[in-house]
Amino acid sequence: MVIVAAKIEEERYIDMYERVCRLKGLSRDQATVLLCVGYTASNDPGAVAIVANHHLKTIPTMEEQVAWVEYVRQALFKACLICSFPRSMNATYALMESLNADIKAQLRVEPISQPSEPSVADKWRTRGNDFLQRVYGDKTEKLQTTIHGTNPDLWIYVEDTYGNIASDTTFMTEIDTELSAIVNLYSMSAEPQLADHLKGARNVGASEQQVQSALDIGRLLKECS
């Protein structure tokens with residue numbers, strides 16, 4: 001009975017994968033990453049492993065498989081800024097435990113960048129502030145005033161995380177980052193922040209179809225939860 005139940009659950013995840021891959025405006029790679037982010041926000045790390053490994057079977061070369069895993073790892077890392085560090089860590093751990101040894105052997109083992117010198121931290125802050133401006137546009141100053149007025153330490157956290165994590169484009173574009181935020185925030189019913197990032201996705205260049213498809217992924221996951 002346990003094996004049968006597990007098989008039914010796996011089939012349910014694969015069915016969801018096929019549904020999101022049919023959404024318009026997203027490549028299969030993008031759609032699968034966004035689905036993994038949604039399962040991370042929903043605290044379903046097992047689904048992340050199943051969906052990721054199913055998608056890897058559709059990628060023809062080892063080089064491309066490794067590149068996609070780096071892409072999804074960064075997406076799960078960025079997800080911690082919204083859905084929490086424990087959920088991001090659980091999803092990433094489940095993903096890594098499920099990968100075959102050949103792929104794991106080729107993944108990077110060093111951080112993308114290390115703030116070993118003050119100049120690196122300054123670069124991050126400048127990069128993060130630039131990204132904030134692109135996401136929030138003319139609302140950026142009001143956002144800073146509001147958050148700083150609530151708790152000045154919270155604004156320092158926003159600056160640091162946008163600089164170090166959110167604005168990094170080593171494996172994810174700005175569009176991917178904002179689409180991931182939409183799925184994440186929809187899953188959490190965080191309406192004010194979702195409204196901001198719907199605009200933010202458009203501000204950094206996402207198409208209306210991409211934005212709608214990200215919303216659809218969030219909606220599909222909620223309907224099936």
Side-chain angles (χ1 to χ4, degrees), residues 12-56 58-59 67-99 112 131 135 161-162 165-191 193-198 200-201 204 206-207 209-225:
R12 183 168 67 87
Y13 293 138
I14 301 308
D15 179 66
M16 179 64 77
Y17 164 82
E18 296 296 344
R19 292 174 72 182
V20 303
C21 285
R22 289 194 293 269
L23 293 172
K24 296 179 180 179
L26 303 173
S27 68
R28 292 181 75 90
D29 283 351
Q30 282 179 305
T32 309
V33 165
L34 294 180
L35 182 58
C36 288
V37 167
Y39 279 131
T40 300
S42 303
N43 201 26
D44 194 347
V48 173
I50 290 170
V51 167
N53 279 277
H54 184 76
H55 181 65
L56 284 169
T58 71
I59 300 176
W68 185 81
V69 172
E70 292 289 14
Y71 175 20
V72 74
R73 282 210 302 180
Q74 188 170 44
L76 300 184
F77 176 46
K78 288 188 177 187
C80 77
L81 301 179
I82 297 175
C83 72
S84 82
F85 179 77
R87 293 185 180 200
S88 174
M89 186 173 182
N90 291 343
T92 306
Y93 182 79
L95 170 69
M96 293 301 294
E97 283 293 292
S98 71
L99 295 176
I112 291 172
F131 185 44
V135 170
T161 54
Y162 261 78
I165 302 172
S167 63
D168 184 84
T169 56
T170 304
F171 298 106
M172 288 183 77
T173 67
E174 291 182 350
I175 291 175
D176 288 335
T177 298
E178 285 301 290
L179 294 177
S180 294
I182 290 170
V183 175
N184 222 326
L185 292 164
Y186 193 105
S187 300
M188 299 174 65
S189 299
E191 298 297 334
Q193 290 77 21
L194 176 60
D196 285 338
H197 284 279
L198 287 171
V204 300
S207 69
Q209 188 63 70
Q210 287 175 316
V211 171
Q212 185 58 55
S213 290
L215 284 170
D216 287 343
I217 292 172
R219 176 181 54 79
L220 287 168
L221 286 170
K222 268 200 166 183
E223 288 176 354
C224 294
S225 63

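The structure displayed is predicted, hence computed values, not measured ones.
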From [atom1] ([X]) to [atom2] ([Y]), nearest 0.5 Å:
| X | Y | atom1 | atom2 | value |
| --- | --- | --- | --- | --- |
| Leu81 | Ile165 | CG | CD1 | 4.5 Å |
| Ser98 | Tyr93 | OG | OH | 11.0 Å |
| Leu198 | Ile182 | CG | CD1 | 4.5 Å |
| Asp168 | Ile112 | CG | CD1 | 4.5 Å |
| Leu194 | Met188 | CG | CE | 11.5 Å |
| Cys21 | His55 | SG | NE2 | 6.5 Å |

What heavy-atom pair brings [X] and [Y] nearest, and what distance separates the two atoms?
| X | Y | value |
| --- | --- | --- |
| Leu26 | Ser213 | CD1-CB, 3.6 Å |
| Ala206 | Val211 | CB-CG2, 4.0 Å |
| Ser180 | Val37 | O-CG1, 3.7 Å |
| Ala94 | Pro45 | CB-O, 3.5 Å |
| Val183 | Ala214 | CG2-O, 3.5 Å |
| Ile217 | Ala31 | CD1-O, 4.1 Å |

Margin query: Using a 3.5 Å distance criterion without hydrogens, assess whether the side chain of Gln210 forms a donor-acceptor pair with backbone atoms of Ser207.
Written below: yes
* Asked: So, Phe131 versus Tyr162, ring centres under 6.0 angstrom or not?
  -> yes
Do we see a donor-acceptor contact under 3.5 Å between the side chains of [X] and [Y]?
| X | Y | value |
| --- | --- | --- |
| Ser42 | Lys222 | no |
| Lys78 | Thr177 | yes |
| Thr173 | Asp176 | yes |
| Asp29 | Ser27 | no |

pair [X]-[Y]: side-chain heavy atoms closer than 4.5 Å:
| X | Y | answer |
| --- | --- | --- |
| Met16 | Tyr39 | yes |
| Arg28 | Glu18 | yes |
| Arg73 | Phe171 | no |
| Val204 | Val135 | yes |
| Thr40 | Val48 | yes |

Next item on the list: Before giving the answer on side-chain hydrogen bond (donor to acceptor under 3.5 Å, both in side chains), spell out for Arg12 and Tyr17 the whole-Å C-alpha distance, their side-chain angles and the decisive distance to 0.1 Å.
Entry: CA-CA 9 Å; Arg12 183 168 67 87; Tyr17 164 82; over 6 Å; no
| request: With side chain to side chain contact (heavy atoms under 4.5 Å, CB included) as the test, would you mind laying out the steps for Ile82 and Leu185 before giving the verdict? | output: CA-CA 7 Å; Ile82 297 175; Leu185 292 164; 3.6 Å; yes
From the list Asp44, Leu56, Leu35, side-chain contact (heavy atoms from CB on, under 4.5 Å) with Val51 holds only for Leu35
I would like to know whether Leu23 and Gln212 meet side chain to side chain contact (heavy atoms under 4.5 Å, CB included); could you show each step before the answer?
CA-CA 9 Å; Leu23 293 172; Gln212 185 58 55; over 6 Å; no
Practice prompt. Go through the steps for His54 and Tyr13 under the test side chain to side chain contact (heavy atoms under 4.5 Å, CB included), then give the verdict.
Written response: CA-CA 10 Å; His54 184 76; Tyr13 293 138; over 6 Å; no
Above 12 or not: heavy atoms from other molecules or residues under 6.0 Å from CE of Met96?
yes
* Mind running side chain to side chain contact (heavy atoms under 4.5 Å, CB included) on Thr32 and Trp68 for me, showing each step along the way? => CA-CA 10 Å; Thr32 309; Trp68 185 81; 3.6 Å; yes
